[in-house]
Amino acid sequence: MINEDILFSFGADLRTFDAEDIIFSEGDVPAFFFLIVEGKIKINNYNEAGKEFIQGILLKGHSVGLSSLFLSKNYPVNAVAEIESEVIRLPKAHFFEILKKHPEVYSDIIPFMAEHMHYKFLMMQSMAFHNPSDKLLTLMNYLKLHHEDKSQYSLQIPLTRQQLASLTGLSVETVIRVIKNMEKTGVLKIQNRKIFY
DNA sequence: ACATTAACCTTTA
DNA sequence: TAAAGGTTAATGT
C-alpha cells in the first residue's frame, strides 16, 4: 500500500500487538494512521446480546480504520488483533502532511478504500435479502475473487465456522448445516474439517 | 479450542 | 402450519 519509508520519515513508529489486543475501540477519537506490516486484525461490533459481528478481517499491507481519519467522527467499530501483529502507527496530523507533500499517496489509499466499499456492497445485498447459503456463497466468492487459482475446490477457506458465522450474521450451527448441504451438492468439499471451495 | 449433533424453541413464508 | 433458522447443551476431534 503506502511506502513505509515515507511513513517513518514523517515520524511513524512500529508497534506490536499481541493476540486479543485492542488497537482502537468503538467511540474512540481517531488519532492515528495504522498500516499492518504483519499479522491479522479484525474489525468488529457487538450487538446488545453480546453477539459479535465481524465487519472485516485485515491483513499485511492493509490500513486499519483509514476512512475514519477523513471524518470528524468517532470510530464506529473496534479493531482487535487476532494474532500477534506488527503495525506502523503515525499520528493523524503527520499523515495529512504526507498527503499534502506526496499527493501520489492518494492513489494508494483510494483503491484500498474502494475495495472495502466493494466488499460492503456485496455483503449488504446478500445480508438484506437473507438466505444463509447466499450469504456464505457471497463471502466465499469474494474470497475466491482474491485467490489466484480459480479452479474448483482450490481455495481452502481460511476461516473457522464461528468466523464465517460472525461475518454473515448467522449462527455457527446454521453455518455447519449449510456447508454440509453444499458439500452434498458438490459446491464445496470438506476434508478433515477444512472447507475447500 | 473448534466442530458436530440433537432436541427444543421461535420466527417466518 | 410446516419449514427454516436460532438456542442450548452435550459430545467429539
- Item | Residues, nucleotides or ligands: over 12 heavy atoms within 6.0 Å of A/Lys120 NZ |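 Yes, the 6.0 Å shell around NZ holds more than 12 heavy atoms from other groups.
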- Might you confirm whether atom CE of A/Met124 has over 12 heavy atoms from other residues, nucleotides or ligands at distances under 6.0 Å?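 No, because the 6.0 Å sphere around CE of A/Met124 holds 12 heavy atoms or fewer from other groups.
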Roughly how many Å is it from [atom1] in [X] to [atom2] in [N], rounded to a whole number?
X        : N     : atom1 : atom2 : result
A/Leu159 : B/dA1 : CG    : C1'   : 16 Å
A/Ile190 : B/dC2 : CD1   : P     : 18 Å
A/Ile157 : B/dC2 : CD1   : P     : 17 Å
A/Lys194 : B/dT4 : NZ    : P     : 10 Å
A/Asn192 : B/dA1 : CG    : C1'   : 16 Å
A/Ile195 : B/dA3 : CD1   : P     : 8 Å
A/Ile176 : B/dA6 : CD1   : P     : 12 Å
A/Glu20  : B/dA1 : CD    : P     : 10 Å

- Message: Applying the ring-ring contact (aromatic ring centres under 6.0 Å, His included) criterion to A/Phe96, which one of A/Phe70, A/Phe33, A/Phe32 satisfies it?
- Response: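 With A/Phe96 as partner, A/Phe70, A/Phe33, A/Phe32 yield a single ring-ring contact (aromatic ring centres under 6.0 Å, His included), made by A/Phe70.
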- Could you tell me whether the phosphate oxygens of B/dA3, OP1 or OP2, come under 4.0 Å of any side-chain nitrogen or oxygen in A/Arg161?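 For A/Arg161, the contact criterion (side-chain N or O under 4.0 Å from OP1 or OP2 of B/dA3) is met.
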- Query: Does A/Phe34 have A/Arg89 sitting over its ring (NZ/CZ under 6.0 Å from centre, angle to axis within 45°)?
  - Reply: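 The answer is no; the distance or angle limit is not met.
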- Task: Report yes or no: is the cationic atom of A/Lys144 (NZ for Lys, CZ for Arg) under 6.0 Å from the centre of the six-membered ring of A/Tyr197, at an angle within 45° of the ring normal?
- Result: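 Relative to the ring axis of A/Tyr197, which defines the angle, A/Lys144 lies inside both limits.
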- Message: Once side chain to side chain donor-acceptor pair (under 3.5 Å) is applied, do any residues pair with A/Glu52, and if so which ones, sequence neighbours excluded?
- Response: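 Side chain to side chain donor-acceptor pair (under 3.5 Å) check on A/Glu52 returns A/Lys42, A/Asn44.
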- For nucleotides 7-13 of chain C, 5' to 3', base contacts (B), sugar-phosphate-only contacts (S) and non-contacts (-) with protein non-hydrogen atoms under 4.0 Å give BBB--BS
